[in-house]
Engineer: 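One structure is given below, represented as structure tokens, and several questions about it will come after.
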Amino acid sequence: MTRSKTFQAYLPSCHRTYSCIHCRAHLANHDELISKSFQGSQGRAYLFNAVVNVGCGQAEERLLLTGLHAVADIFCESCKTTLGWKYEHAFESSQKYKEGKFIIELAHMIKDNGWE
């Protein structure tokens, strides 16, 4: 029987990063942050252009505060905690900028590296 390993991506320690609060796996570089003014199911959330060490579930249509979107839940590849979601499709033209972007709820992430 062969065991498969889960490899994690590590972001450069010279950059400010966000990590999973549960297992400290790197999630995003601060340079990928688009907005801090989003709302998740458990409170405030940040919108990121790109993330690492996350898995993606099946897309489904959800009626969010800004209208109907097709979103897929994202989870930490290391500890499997649900972190937020990925915008797969926005049905309203004013929301198209979110497509392909990621929401991570503040309740699930911590700041790492160089925030002093």
Side-chain angles (χ1 to χ4, degrees):
M1 183 171 124
T2 29
R3 292 177 119 197
S4 61
K5 288 187 176 182
T6 301
F7 294 96
Q8 291 186 3
Y10 291 91
L11 297 170
S13 60
C14 60
H15 291 99
R16 294 183 295 171
T17 58
Y18 298 93
S19 299
C20 176
I21 198 167
H22 309 285
C23 71
R24 299 301 287 259
H26 288 177
L27 297 175
N29 186 319
H30 183 66
D31 295 340
E32 297 294 336
L33 178 65
I34 297 169
S35 175
K36 294 180 178 182
S37 60
F38 277 74
Q39 189 69 28
S41 60
Q42 297 181 16
R44 290 185 51 218
Y46 288 0
L47 180 69
F48 290 94
N49 197 41
V51 295
V52 296
N53 299 318
V54 299
C56 203
Q58 288 287 108
E60 62 183 30
E61 292 182 6
R62 289 189 197 153
L63 186 57
L64 303 174
L65 293 173
T66 55
L68 185 64
H69 296 79
V71 299
D73 285 339
I74 60 170
F75 57 90
C76 176
E77 281 285 4
S78 182
C79 69
K80 308 302 182 204
T81 299
T82 300
L83 303 169
W85 61 85
K86 178 182 181 184
Y87 286 102
E88 297 287 353
H89 179 71
F91 292 93
E92 296 179 28
S93 58
S94 66
Q95 301 299 308
K96 291 284 187 189
Y97 75 96
K98 295 178 185 174
E99 291 180 346
K101 309 291 190 292
F102 301 85
I103 287 288
I104 299 179
E105 297 178 339
L106 289 182
H108 300 297
M109 68 179 170
I110 189 168
K111 294 176 179 179
D112 269 334
N113 300 329
W115 287 93
E116 279 84 55

Engineer: Are F102 and L83 connected in a single hydrophobic cluster, I mean Ile/Leu/Val/Met/Phe/Trp/Tyr linked by side-chain heavy atoms less than 4.5 Å apart?
Structural biologist: yes

Engineer: Same cluster or not: V54 versus M109, using hydrophobic residues (I, L, V, M, F, W, Y) connected whenever any side-chain heavy atoms lie under 4.5 Å apart?
Structural biologist: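 Yes: a chain of side-chain contacts under 4.5 Å links V54 to M109.
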
Engineer: Can you check whether A59's main-chain N or O pairs, donor with acceptor, with E88's side chain at less than 3.5 Å?
Structural biologist: no

Engineer: Side-chain contact, heavy-atom cut-off 4.5 Å: V71 with I103?
Structural biologist: no

Engineer: Tell me whether E105 contacts the main-chain N or O of G43 through its side chain, where contact means a donor paired with an acceptor under 3.5 Å.
Structural biologist: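 Checked: no pair found.
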
Engineer: Which pair of heavy atoms, one from C56 and one from A72, lies closest together, and at what distance?
Structural biologist: SG-CB, 3.6 Å

Engineer: Between NZ of K96 and CZ of F91, what distance do you get to the nearest 0.5 Å?
Structural biologist: 8.0 Å

Engineer: Enumerate the residue pairs fulfilling salt bridge (Lys or Arg N to Asp or Glu O under 4.0 Å) with a member in residues 22-34, sequence neighbours excluded, ordered by first and then second residue.
Structural biologist: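 Salt bridge (Lys or Arg N to Asp or Glu O under 4.0 Å) check on residues 22-34 returns R24-D112.
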
Engineer: Using the ring-ring contact (aromatic ring centres under 6.0 Å, His included) rule, collect all pairs that involve residues 48-81, keeping only residues at least two apart or in two chains.
Structural biologist: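 Found Y18-F48, H69-Y87.
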
Engineer: Test T66 against every option in E92, K98, Q39 by the side-chain contact (heavy atoms from CB on, under 4.5 Å) rule and name the one that passes.
Structural biologist: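 Testing each of E92, K98, Q39 against T66, the sole residue satisfying side-chain contact (heavy atoms from CB on, under 4.5 Å) is K98.
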
Engineer: Rounded to the nearest 0.5 Å, what separation is found between the OG atom of S41 and the CG atom of L64?
Structural biologist: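 It is 10.0 Å, given to the nearest 0.5 Å.
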
Engineer: Do L47 and Y97 have side chains that get closer than 4.5 Å, going by heavy atoms?
Structural biologist: yes

Engineer: From R44 CZ over to K36 NZ, what is the distance, rounded to the nearest 0.5 angstrom?
Structural biologist: 7.5 Å

Engineer: Please examine the side chains of H108 and Q42, heavy atoms only from C-beta on, and report whether any two atoms are closer than 4.5 Å.
Structural biologist: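 Q42 vs H108: side chains touch.
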
Engineer: Considering non-hydrogen atoms only, spot the tightest contact between A28 and V51 and give its length.
Structural biologist: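 Closest approach of A28 to V51: CB-CG1, 4.3 Å.
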
Engineer: For a 4.5 angstrom cut-off between non-hydrogen side-chain atoms, does T81 reach I21?
Structural biologist: no

Engineer: Of all heavy-atom pairs between H26 and S19, which one has the smallest distance, and what is that distance?
Structural biologist: CD2-OG, 3.5 Å

Engineer: Checking side-chain contact (heavy atoms from CB on, under 4.5 Å) between Y46 and each of L106, I104, I34, which is the one that passes?
Structural biologist: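 Among L106, I104, I34, the one that satisfies the side-chain contact (heavy atoms from CB on, under 4.5 Å) with Y46 is L106.
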
Engineer: Under a 4.5 Å cut-off applied to non-hydrogen side-chain atoms, are C20 and S78 in contact?
Structural biologist: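 A side-chain contact under 4.5 Å is absent here.
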
